[in-house]
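All values reported here derive from a predicted model rather than from experimental measurement. Computed from heavy atoms alone, side chains included, the values below leave out hydrogens, waters and symmetry copies.
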Amino acid sequence: MHVTNQPSLCPISRLLQKKYHFFYCPDTGWAEGAEDSDFEGWAFPFPGVTLIKDFVTPEEEAEMVRLMDSDPWKLSQSGRRKQDYGPKVNFRKQKLKMADFHGLPSFSQKVVQRMGLYSGLEDFRPVEQCNLDYSPERGSAIDPHLDDAWLWGERLVSLNLLSATVVSMCREAPGSLLLCAAPFIGPDPSEGGSITAPSRTVPCQEVEVAISVPCRSLLVLTGAARHQWTHAIHRRHIKARRVCATFRELSSEFLPGGKQQELGLELLQAALSFQGRPV
């Protein structure tokens, strides 16, 4: 994951507190309590997450990383290295410049075209790509943050390469989450009849949801997962070199009908020429 604005970080005191750990289940779309925990067997809906496994082949993965490594990597925060393909942006002042931005890299054209074959991504047109290189030797990680919503639109799309990882989600909103019995996968074991669903609650601020992201998979965050739950990657979840390519689309302000639609069109034309080099 990559943050191009000043991230909205969870307070340090929250990071040090014990969390209640839940795990995202892609088969149900629910976050389920960890085994051998106080919340084992309990769950709550966790909308806004799409995980597409085996989005690229091992051969495509190797070629993409080879091409990335042929360009220089810049040192970034928290032990990461990065390559940016996008406009120069000042998020505090809400200003941007095309600068040396000439588009996404050529090797991403096939990736973007393939995204359009999947439900929910048919009209996804990215205007920024950020490659991030994580290494356990450098202690690579990224703190909990929300991505900017002035320039970047609804969908955050990340391609995970070289090794699996875990994306950790937390929410700093007050209040509680309503838990229900974890959904049953498979034939209905009940014999019919009316069953009163049990429930309990857990404070939002003490919950962390782990999304397991396999190698070569595509992770899409929208809705609440995009705007209400911060995302992070902890150092303990980087066990080998990991490369992530994150793609972002424009917000409505830069799309047709928005007050900066002309600039948005210029950005799109440049991005989708696929003639870019890292800026």
Side-chain angles (χ1 to χ4, degrees), residues 1-5 50 52 55-57 59-74 76 80-91 93-133 147-161 216-222 226 243-279:
M1 297 284 168
H2 167 64
V3 62
T4 52
N5 59 316
T50 300
I52 303 171
F55 184 79
V56 295
T57 67
E59 293 76 18
E60 290 171 330
E61 171 190 49
E63 179 64 7
M64 286 184 67
V65 174
R66 185 189 70 82
L67 291 170
M68 291 179 189
D69 285 341
S70 68
D71 282 321
W73 291 90
K74 295 181 180 179
S76 185
R80 303 186 307 273
R81 299 191 303 169
K82 67 177 181 177
Q83 294 173 338
D84 282 317
Y85 298 83
K88 185 176 181 181
V89 186
N90 185 320
F91 288 95
K93 296 182 179 180
Q94 295 193 343
K95 293 183 179 181
L96 65 86
K97 298 179 180 179
M98 294 293 291
D100 297 322
F101 176 51
H102 300 294
L104 305 188
S106 60
F107 60 81
S108 292
Q109 186 168 11
K110 183 186 295 186
V111 172
V112 172
Q113 290 174 344
R114 188 174 300 169
M115 290 178 189
L117 302 177
Y118 289 85
S119 176
L121 291 175
E122 298 92 343
D123 60 345
F124 183 70
R125 296 190 296 170
V127 293
E128 194 232 27
Q129 176 178 336
C130 181
N131 302 331
L132 286 174
D133 179 24
D147 279 40
D148 170 78
W150 162 68
L151 177 59
W152 307 133
E154 176 61 22
R155 292 163 290 192
L156 301 179
V157 181
S158 295
L159 179 59
N160 189 54
L161 303 174
R216 296 185 296 278
S217 63
L218 197 74
L219 177 66
V220 184
L221 300 180
T222 63
R226 156 77 167 98
V243 170
C244 173
T246 296
F247 301 83
R248 295 178 174 86
E249 64 184 341
L250 290 170
S251 69
S252 58
E253 181 170 332
F254 295 86
L255 295 177
K259 63 181 181 181
Q260 299 202 59
Q261 61 178 351
E262 293 183 2
L263 180 54
L265 179 60
E266 185 179 1
L267 286 167
L268 274 170
Q269 289 176 337
L272 300 181
S273 70
F274 295 100
Q275 298 178 4
R277 300 293 300 273
V279 296

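- Looking only at distances, a side-chain donor or acceptor of R226 sits under 3.5 Å from a matching main-chain atom of D147.
- Atom CD of E154 and atom CG of L250 lie 13.5 Å apart (nearest 0.5 Å).
- When side chains are defined from C-beta on, L159 does not count as touching Q129, because their heavy atoms never get closer than 4.5 Å.
- Note on R114 versus E60: salt bridge recorded, some NZ/NE/NH1/NH2 to OD/OE distance being below 4.0 Å.
- For the pair M68/L161, a side-chain contact is recorded, criterion being any heavy-atom separation below 4.5 Å from C-beta on.
- With rounding to the nearest 0.5 angstrom, the CZ atom of R125 is 16.0 Å from the CZ atom of F247.
- For W152 and F254, the ring centers are positioned 6.0 Å apart or more.
- With rounding to the nearest 0.5 Å, the separation of CD in Q275 from CZ in F101 is 11.0 Å.
- R277 places none of its side-chain heavy atoms less than 4.5 Å from the side chain of H102.
- In this structure the side chain of L218 reaches within 4.5 angstrom of the side chain of L121, judged on heavy atoms.
- Contact of the L96 side chain with the N90 side chain is not registered, since no non-hydrogen atoms from C-beta on lie closer than 4.5 Å.
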- Message: Run the side chain to side chain contact (heavy atoms under 4.5 Å, CB included) test on V111 and M64 for me, step by step, so that the C-alpha distance in whole Å, both residues' side-chain angles and the decisive distance to 0.1 Å come before the verdict.
- Response: CA-CA 10 Å; V111 172; M64 286 184 67; 3.9 Å; yes
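- Rounding to the nearest 0.5 Å places CG of L151 at 7.0 Å from CG of L267.
- In this structure, D84 CG and D100 CG are separated by 12.5 Å, a value rounded to the nearest 0.5 Å.
- Between P126 and L104, the closest side-chain pair of non-hydrogen atoms falls below 4.5 Å.
- Using a 4.5 Å heavy-atom threshold, the side chains of F274 and P105 count as separate.
- The line from CG of L132 to CZ of R81 is 11.0 Å long, rounded to the nearest 0.5 Å.
- Residues F55 and N160 have side chains not in contact (no heavy-atom distance under 4.5 Å, counting atoms from C-beta outward).
- For the pair Q109 (side chain) and F107 (backbone), a donor-acceptor distance under 3.5 Å is absent.
- Between P72 and Q83, the closest heavy-atom pair is O-NE2, 3.3 Å.
- No donor-acceptor pair closer than 3.5 Å links the side chain of E63 to the backbone N or O of E59.
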- Going through the distances and angles, do V127 and R248 end up as a side chain to side chain contact (heavy atoms under 4.5 Å, CB included)? CA-CA 6 Å; V127 293; R248 295 178 174 86; 5.8 Å; no
